[in-house]
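Please read the structure below before turning to the comments.
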2 protein chains.
Amino acid sequence: MISKKTKYGLKALIHVARLGYQERVHIAAIAEKESIPRKFLESIMLELRKAGYLASRKGKGGGYYLLKKPDKISISEIYRLLEGPIAPVPCVSLNFYEKCEDCDDEAKCTIHLLMVQVRDRILSIYNNTFISDLIN
Amino acid sequence: MISKKTKYGLKALIHVARLGYQERVHIAAIAEKESIPRKFLESIMLELRKAGYLASRKGKGGGYYLLKKPDKISISEIYRLLEGPIAPVPCVSLNFYEKCEDCDDEAKCTIHLLMVQVRDRILSIYNNTFISDLIN
DNA sequence: CATAATCCTATAAAATCTATGGGATTAAAA
DNA sequence: TTTTAATCCCATAGATTTTATAGGATTATG
């Protein structure tokens with residue numbers, strides 16, 4: 001199960017991506033329309049901005065807008081940023097690999113191959129789906 | 001990411017399934033060989049027994065053995081028992097459905113279809129993999 | 001009756017998730 | 001220059017879930 005943070009982040013990003021070129025939107029507006037707690041969304045938006053997906057203007061008339069093109073933002077990237085590993089176990093993670101304490105030899109692990117398969121199936125979707133695919 | 005509980009449970013179940021017909025094994029032995037905390041494993045084994053996958057004998061010479069045939073135990077079942085929903089979000093779960101608070105109309109939700117796809121990919125693996133497939 | 005195993009309930013410790021508060025900063029408009 | 005309205009930033013609180021652990025009850029064997 002993905003966290004609410006990731007779900008909120010994806011929905012907010014899609015929301016911004018639906019706007020016109022460099023059109024701005026307030027956090028408060030997104031929060032209301034997407035039913036996301038305002039302050040929680042604020043921290044998520046900040047993270048998306050710092051990672052280069054969004055840009056913002058402060059002050060009156062300010063707001064957020066999309067910095068990266070929606071067809072260049074894969075779900076994988078956002079998932080990894082907000083959620084962490086896509087893999088079902090750390091020992092098959094491509095970007096967040098960690099050795100299992102309970103496993104001497106991964107090749108002999110009874111569930112290792114299964115986990116690899118699951119990882120690859122999920123990745124094949126998230127790698128090939130972009131924010132642009134979710135706008136409509 | 002799956003919990004350690006689910007990982008431990010799967011590995012323990014496979015461990016028991018590798019034994020001969022109605023051969024018994026102690027929790028302590030599994031715990032040691034699979035590097036699982038003994039008391040934690042105890043509670044997991046109890047859950048697997050209550051769900052009908054394992055049987056046990058108390059007292060001296062006791063232990064656990066497989067009750068259900070390994071080719072009749074899908075990973076889906078065990079996952080749902082120990083972990084809960086397989087779906088990435090509650091609103092696309094087949095067995096643990098819950099409506100999202102932030103979503104009036106699922107048909108209009110921007111990430112709903114994506115989540116359905118992920119669910120189906122994972123399910124297609126877990127539904128079609130059985131404990132018997134993981135013995136070797 | 002001693003021993004060795006599971007059974008059962010409670011609970012504690014740690015980690016993670018889900019926010020919330022409050023003020024600092026910035027920019028535009030009045 | 002002042003007011004207003006937005007993001008920025010840090011701290012932390014509350015809730016939930018995960019990961020165990022403790023300790024005794026129960027049961028079966030020899």
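Hydrogens, waters and symmetry mates are skipped; everything else that's a heavy atom, side chains included, is used. Each chain gets a letter, A, B and so on, in the order the sequences are listed, and its residues count up from 1.
Distances were taken from every side-chain heavy atom of B/H26 (C-beta onward) to each of D/dC8, D/dC9, C/dT6; the shortest belongs to C/dT6. Taking the side chain of B/K60 as heavy atoms from C-beta on, and the options C/dA19, D/dT29, D/dC8, the nearest nucleotide is D/dT29. When the nucleotides D/dT7, D/dA20, C/dT6 are ranked by their closest atom to the side chain of A/R38, D/dT7 comes out on top.
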Taking only nitrogen or oxygen atoms into account, show me every contact under 3.5 Å that the protein makes with nucleotides 21-24 of chain C, one pair per line with its distance.
| unit_1 | atom_1 | unit_2 | atom_2 | d |
| --- | --- | --- | --- | --- |
| C/dG22 | O6 | A/K39 | NZ | 2.1 |

Check nucleotides 11-17 of chain C against the protein and report each pair of N or O atoms closer than 3.5 Å, with its distance, or say if there are none.
none

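With hydrogens and angles disregarded, a donor-acceptor distance shorter than 3.5 Å links the side chain of A/D133 to the backbone of A/F130. Under a 3.5 Å cut-off, the side chain of B/N128 and the backbone N or O of B/I125 do not form any donor-acceptor pair. Without hydrogens or angle criteria, B/K99 side chain to B/C103 main chain gives a donor-acceptor distance under 3.5 Å. Between the side chain of A/E83 and the backbone N or O of A/S3 there is at least one donor-acceptor pair closer than 3.5 Å. Not a single donor-acceptor pair under 3.5 Å links the side chain of B/E47 to the backbone N or O of B/I44.
Under the 4.0 Å criterion applied to side-chain N and carboxylate O atoms, A/R18 and A/E23 are not assigned as salt-bridge partners.
Backbone-only engagement by A/R57 is indicated by non-hydrogen atom pairs under 4.0 Å involving sugar-phosphate atoms exclusively. If you check every strand for non-hydrogen atoms under 4.0 Å, A/K50 touches sugar and phosphate atoms only.
To the nearest angstrom, P of C/dA5 lies 13 Å from CD of B/E32. D/dT19 atom P lies 13 Å from atom CD of B/E47, rounded to whole Å. Atom pair B/M1:CE and D/dT17:P shows a separation of 18 Å (rounding to whole Å applied). A straight line from CG of B/L48 to P of C/dC7 spans 12 Å, rounded to a whole angstrom. The distance between atom CD1 of A/I30 and atom C1' of D/dA6, rounded to the nearest whole Å, is 13 Å. The CD1 atom of B/I44 sits 9 Å away from the P atom of D/dA20 (whole-angstrom rounding). Straight-line distance from the CG atom of B/L46 to the P atom of D/dA20: 18 Å, rounded to whole Å. In this structure, B/I27 atom CD1 and C/dC8 atom P are separated by 12 Å, rounded to whole Å.
Both B/Y79 and A/V92 are assigned to one and the same hydrophobic cluster, defined by single-linkage of ILVMFWY side chains at heavy-atom distances under 4.5 Å.
The side chain of B/Y8 contributes an N or O atom lying less than 4.0 Å from OP1 or OP2 of D/dA20. Taking only side-chain nitrogens and oxygens, B/S56 never comes nearer than 4.0 Å to OP1 or OP2 of C/dA5. OP1 or OP2 of D/dC8 lies within a sub-4.0 Å distance of a side-chain N or O belonging to A/R49.
Between A/G61 and A/T6, the one whose closest nucleotide on DNA chain C sits nearer the 5' end is A/T6.
Of the N and O atoms on the side chains of B/S35 and A/E101, not one donor lies less than 3.5 Å from an acceptor on the other residue. A donor-acceptor contact closer than 3.5 angstrom is absent between the side chains of B/E77 and B/Y126.
Of the candidates B/N95, B/T129, B/N127, B/S76 forms a side chain to side chain donor-acceptor pair (under 3.5 Å) with just one, namely B/N127.
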